[in-house]
Participant: 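Just passing along the structure, written as structure tokens.
In what follows, every heavy atom counts, from backbone to side chain, and hydrogens, waters and symmetry copies are set aside. Each chain gets a letter, A, B and so on, in the order the sequences are listed, and its residues count up from 1.
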Amino acid sequence: TQLLEQSPQFLSIQEGENLTVYCNSSSVFSSLQWYRQEPGEGPVLLVTVVTGGEVKKLKRLTFQFGDARKDSSLHITAAQPGDTGLYLCAGVSTGKLIFGQGTTLQVKP
Amino acid sequence: GAVVSQHPSWVICKSGTSVKIECRSLDFQATTMFWYRQFPKQSLMLMATSNEGSKATYEQGVEKDKFLINHASLTLSTLTVTSAHPEDSSFYICSARVPRQGNTGELFFGEGSRLTVL
């Protein structure tokens, strides 16, 4: 079974700070996705990374896929209270989307 | 993006009763849908894969007789929690993959259904 380890699991920072969330696996994934989920709602897809070494930017969010396609990171620059939520990485394993444990981010004003 | 809708958004029921949750793909046909369960402040755990016209595939540890899944059409999958107990209280989320060329496994998720069993 391919597992995705996310770290940290909880993060509380002040507005304006930068942060990085990591998603690691011992297995190779053909692609990895990052989702954001707010309480009481379903996850919303932020980005999909496919190519090893790929970097994608979404405003203040930067996503990177490791060269070996075993790991990914999400970096947020100048975090804002609106970034608060649960961030999930996910990868496809035997046709099923498997999620990491998630990172709960709280950005204090 | 594609739209997946769940109903009801939240439901409260008495212990021992059964509850049905619907998952619909509104603007595309989904031969496969997935049901996840999420406890507070935890990640999503895959329960089962719902296949149109055939039996669902359950993950290890998920009771198929407890969580009945029916995928009778290309736009509707249902999850029925039978003889619900308080420990079944959770957030249930469905998802579907939009079939398109070069599919990279992206799923679109429903809004989730909050089940509370008293």
Side-chain angles (χ1 to χ4, degrees), chain A residues 1-12 21 23 25 28-52 54 56 58 63 65 69 72 84-106, chain B residues 1-11 21 23-25 30-51 56-62 90-100 102-116:
Chain A
T1 304
Q2 294 176 300
L3 296 176
L4 286 167
E5 301 283 339
Q6 252 184 273
S7 62
Q9 293 190 34
F10 299 98
L11 193 55
S12 181
V21 177
C23 179
S25 175
V28 175
F29 284 89
S30 57
S31 66
L32 279 179
Q33 288 100 47
W34 284 92
Y35 292 82
R36 178 166 173 258
Q37 183 184 24
E38 300 202 31
E41 299 180 10
V44 175
L45 179 67
L46 295 174
V47 78
T48 299
V49 285
V50 180
T51 306
E54 181 177 8
K56 283 190 174 179
L58 188 65
F63 304 86
F65 201 12
R69 291 186 290 135
S72 182
T84 294
L86 177 65
Y87 290 82
L88 298 153
C89 68
V92 174
S93 174
T94 61
K96 298 173 287 190
L97 192 65
I98 306 300
F99 285 86
Q101 305 100 317
T103 297
T104 299
L105 171 65
Q106 181 186 38
Chain B
V3 179
V4 176
S5 180
Q6 274 182 251
H7 177 81
S9 299
W10 56 272
V11 57
I21 301 170
C23 178
R24 295 181 184 273
S25 56
T31 55
T32 303
M33 291 185 176
F34 302 89
W35 286 96
Y36 290 84
R37 182 175 183 178
Q38 185 178 33
F39 291 107
K41 296 187 178 181
Q42 293 187 24
S43 187
L44 283 72
M45 297 299 296
L46 181 64
M47 298 176 65
T49 302
S50 173
N51 305 298
T57 305
Y58 290 82
E59 294 301 301
Q60 190 174 6
V62 178
S90 188
F91 195 50
Y92 292 89
I93 309 173
C94 74
S95 67
R97 179 177 293 123
V98 177
R100 55 180 166 218
N103 194 301
T104 56
E106 300 171 17
L107 294 183
F108 290 89
F109 287 82
E111 312 95 322
S113 299
R114 171 76 59 193
L115 170 63
T116 301

Participant: Test ring pair (Phe, Tyr, Trp, His ring centres under 6.0 Å) on Phe108(B) and Tyr35(A) and set out the steps.
Facilitator: CA-CA 10 Å; Phe108(B) 290 89; Tyr35(A) 292 82; 8.9 Å; no
Participant: What residue in Pro43(A), Pro39(A), Gly40(A), Ala90(A) has the most heavy-atom pairs under 4.5 Å with chain B?
Facilitator: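 Looking at each of Pro43(A), Pro39(A), Gly40(A), Ala90(A) in turn, Pro43(A) comes out on top.
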Participant: Could you tell me which non-hydrogen atom of Leu97(A) sits nearest to which non-hydrogen atom of Tyr36(B), and how far apart they are?
Facilitator: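 Here Leu97(A) and Tyr36(B) meet closest at O-OH, 2.6 Å.
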Participant: Checking Gln38(B) now: which residues fulfil side chain to side chain contact (heavy atoms under 4.5 Å, CB included) with it, not counting sequence neighbours?
Facilitator: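 In terms of side chain to side chain contact (heavy atoms under 4.5 Å, CB included), with neighbours along the sequence ignored, Gln38(B) is linked to Gln37(A), Leu86(A), Leu44(B), Phe91(B), Ile93(B).
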Participant: Please name the residue in the list Ile98(A), Leu88(A), Leu4(A) that meets the side chain to side chain contact (heavy atoms under 4.5 Å, CB included) test with Ser43(B).
Facilitator: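 Single side chain to side chain contact (heavy atoms under 4.5 Å, CB included) partner of Ser43(B) among Ile98(A), Leu88(A), Leu4(A): Leu88(A).
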Participant: Quick one: which of Arg114(B), Lys41(B), Glu59(B), Met45(B) has the most heavy-atom pairs under 4.5 Å with chain A, could you say?
Facilitator: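 Sorted descending by pairs with chain A, the first entry is Glu59(B).
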Participant: Quick one: pull up CD in Gln42(B) and OG1 in Thr104(A) and give me the separation to the nearest 0.5 Å.
Facilitator: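 It comes to 10.0 Å.
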Participant: Rounded to the nearest 0.5 Å, what separates atom CD in Glu41(A) from atom OG in Ser9(B)?
Facilitator: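 Reported to 0.5 Å precision, the distance equals 10.5 Å.
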